[in-house]
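Working notes for the structure below.
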Amino acid sequence: MGSPPTSPRASRSTQELNRLDLTYVWHPFTQMKEWEQEERLVIERGEGNFLWDTEGVRYLDGVSSLWANVHGHGRDEIKDAVRAQLDRLDHSTMLGLTHAPGIELARRLAAVAPSGLTRTFYSESGSTAVEIALKTAFQYWRNLGVSERSKHTFLCLREGYHGDTLGAVSVGGIQLFHDVYRPLLFRTYLAPSPHCYRCALDLKPESCDMACAGEVERILKSHHGDIAAMILEPRVQGAGGILTAPEGYLTRVRNLCREFDVLFIADEVATGFGRTGTLFACLHEDTAPDLMALGKGITGGTLPLAATLATERIFQGFYGDYAELKTFYHGHTYTGNPPACAAALASMDLFERDRVLEGLPAKIEDFRQGLHHLSHHPHVGDVRQAGLMMGIELVADKRSKTPFPLEQRMGHRISLECRRHGVIIRPLGDVLVLMPPLSIRPEEIQLMLFAVTASIEKHTGKRCE
Ligand SMILES: *Cc1c(COP(=O)(O)O)cnc(C)c1O
């Protein structure tokens, strides 16, 4: 492997970079006091499924750089496309102008998206893609002339996560992240998380007849007049702890929304672009939403870009003479940034050229077997998998499902331990999250499974049986 070009700033020592980081940077989702005390990695380089730190140590990117990377780092095909685009046009607005990469990407997305999603509205992050879906759904009903007293709020799920801006937080359901902002948020209807290991309704999957979907039905029956749209993460509630929904849940709630004339928003920011084994999670159950939010993997995890896809029905709700004031008054400065669109197009080419989706079943099966073995560990309460989105829930007591005390930071400590084995993962509380790039190879899967198993064994003091 040739040595990469170094910029002048890259020649600062690790120690110096750490000192400057601690002086000037505030990290996301991070208790900075803890950050000061722990061992920090300064990442310098990425190639394939690995990252290198400034000390030259190599780590497998087991979280796809926060659920974004798809084809591995440093892919020439994406870099060349971005470079070529930068040489032609760096940025130009989509407010009142247009450009080829934005047009081409919208065309390509419409071709592969669940049926009916023909219109793409661009933004830069998953959160903004969700805001756009929410605002569009809300305004759709206003444009149709529905009074502000009806179709004014949303139905969402407990344990749901849709981003960190206030609208997205309003439809979120994770107490730890969201509760402090409650006074700033709009009120919603919340249905239970479709999550069998810790069923909110205290039922058993064998006999419950999917009562969690029954709750959705109950809410829709009584309140559909209030509800503009339902929003959920199809099949997997990611940040809630990789909570996998039972087979058929998606279809059932989608049909309920149709029955009660409530729009259906699929947040595929995490699940999109192959993560669950199909290009979009909705495609597992052949579900066609009215609106779909995309982000994270859309550029192969290289540049910030997001998209909200809408059906022609939604689009037509905004279409009319200017003076009708049906326009969607929303847009960001970097909406449809051309190099980011070029990266997304190159990533979509790679899906075809590398036959990425065809290669997934074997990888998913390798993980399934390894996780099955781990599920027998006395402190592994539950293992959950949807394609290459995987969660291992650690518990202090397996029978009662009692969690470890918060202060023990068990998930965090085990994740740091994995680094000693050359694997980077990031937990959600005591759920260890494994979410490698789709390009992960068989021997790298084994490295990941080994690192996780060894780290769990070390910190729980118990071996896998
Ligand atoms: C990460 C995520 C978001 C937010 O995306 P950002 O790019 O971090 O704003 C929204 N929805 C889901 C399901 C996500 O996993």
Side-chain angles (χ1 to χ4, degrees), residues 68-71 73-114 116-136 139 163 165 267-269 272-274 279-280 291-322 326-354 356:
N69 191 280
V70 176
H71 310 289
H73 295 275
R75 291 296 300 255
D76 285 331
E77 296 87 341
I78 297 181
K79 288 193 291 190
D80 291 346
V82 171
R83 263 192 218 110
Q85 182 54 49
L86 280 170
D87 284 342
R88 217 173 296 122
L89 171 67
D90 40 20
H91 181 66
S92 162
T93 182
M94 291 203 109
L95 281 68
L97 296 171
T98 191
H99 53 68
I103 296 167
E104 187 62 18
L105 179 59
R107 184 185 73 82
R108 293 277 293 274
L109 288 171
V112 295
L117 294 167
T118 49
R119 297 280 174 175
T120 290
F121 196 106
Y122 292 112
S123 60
E124 299 77 41
S125 76
S127 305
T128 53
V130 166
E131 297 288 342
I132 289 160
L134 297 175
K135 285 178 70 179
T136 320
Q139 190 179 340
T165 51
D267 177 355
E268 293 240 19
V269 171
F273 297 97
L279 195 58
F280 301 107
L291 289 152
M292 179 165 84
L294 298 175
K296 292 197 166 102
I298 189 171
T299 58
T302 57
L303 289 173
L305 182 72
T308 308
L309 273 59
T311 59
E312 219 49 38
R313 170 191 172 192
I314 302 287
F315 179 78
Q316 286 302 327
F318 289 75
Y319 189 86
D321 291 329
Y322 186 79
K326 288 183 174 175
T327 305
F328 187 41
Y329 290 106
H330 185 113
H332 303 275
T333 308
Y334 286 101
T335 288
N337 176 248
C341 289
L345 284 165
S347 170
M348 291 182 74
D349 286 341
L350 280 175
F351 265 99
E352 287 174 19
R353 202 172 323 157
D354 291 357
V356 172

Inset, instruction - Kindly state whether the ring of H332 and the ring of Y334 have centres lying under 6.0 angstrom apart. - result: no
Separation of [Y] [atom2] from [X] [atom1] (nearest 0.5 Å):
X: H91; Y: T335; atom1: NE2; atom2: OG1; result: 7.5 Å
X: R119; Y: Y319; atom1: CZ; atom2: OH; result: 8.5 Å
X: L109; Y: L117; atom1: CG; atom2: CG; result: 10.0 Å
X: S125; Y: L305; atom1: OG; atom2: CG; result: 10.5 Å
X: F318; Y: F121; atom1: CZ; atom2: CZ; result: 9.5 Å
X: M348; Y: L105; atom1: CE; atom2: CG; result: 6.5 Å

Inset, instruction - Classify the angle between the aromatic ring planes of F273 and F280 as parallel (below 30°), tilted (30 to 60°) or perpendicular (above 60°). - result: perpendicular
Are any non-hydrogen side-chain atoms of [X] and [Y] less than 4.5 angstrom apart?
X: V356; Y: L350; value: no
X: L291; Y: L309; value: no
X: V112; Y: F351; value: no

Legend entry - Short side-chain donor-acceptor distance under 3.5 Å, R88 and Q85: yes
Donor-acceptor check, side chain of [X] to backbone of [Y], threshold 3.5 angstrom: yes or no?
X: Y122; Y: C341; value: no
X: E77; Y: S347; value: no
X: T136; Y: I132; value: yes
X: E124; Y: A129; value: no

Inset, instruction - Go through the steps to decide whether T299 and I78 satisfy the test side-chain contact (heavy atoms from CB on, under 4.5 Å), and finish with yes or no. - result: CA-CA 9 Å; T299 58; I78 297 181; over 6 Å; no
Which atoms form the tightest heavy-atom contact between [X] and [Y], and what is the distance?
X: G300; Y: H71; answer: CA-CD2, 4.3 Å
X: Q139; Y: K326; answer: NE2-O, 3.4 Å
X: T302; Y: A343; answer: OG1-CB, 3.5 Å
X: M94; Y: G102; answer: CE-CA, 4.1 Å
X: G297; Y: V70; answer: O-CG2, 3.7 Å
X: P339; Y: V82; answer: O-CG2, 3.8 Å

My understanding is that only residues two or more places apart in sequence, or in another chain, count here; which of them pass side chain to side chain donor-acceptor pair (under 3.5 Å) with [X]?
X: E104; result: R107
X: H99; result: none
X: T165; result: E131

Inset, instruction - Step through the shown structure and confirm whether more than 12 heavy atoms of other residues, nucleotides or ligands are within 6.0 Å of OH on Y329. - result: yes
Inset, instruction - Mind running salt bridge (Lys or Arg N to Asp or Glu O under 4.0 Å) on R75 and D354 for me, showing each step along the way? - result: CA-CA 12 Å; R75 291 296 300 255; D354 291 357; 3.0 Å; yes
Inset, instruction - Kindly indicate, with the supporting measurements, whether the criterion side-chain contact (heavy atoms from CB on, under 4.5 Å) is fulfilled by L294 and T308. - result: CA-CA 6 Å; L294 298 175; T308 308; over 6 Å; no
Inset, instruction - Kindly indicate, with the supporting measurements, whether the criterion side-chain contact (heavy atoms from CB on, under 4.5 Å) is fulfilled by T333 and T93. - result: CA-CA 7 Å; T333 308; T93 182; over 6 Å; no
Inset, instruction - For the pair D76 and R83, find out whether any cationic side-chain nitrogen is under 4.0 Å from an anionic carboxylate oxygen. - result: no
Inset, instruction - Report the C-alpha distance between T327 and Y322 in whole Å, list the side-chain angles of each, state the deciding distance to 0.1 Å, and finish with yes or no for side-chain contact (heavy atoms from CB on, under 4.5 Å). - result: CA-CA 7 Å; T327 305; Y322 186 79; 4.0 Å; yes
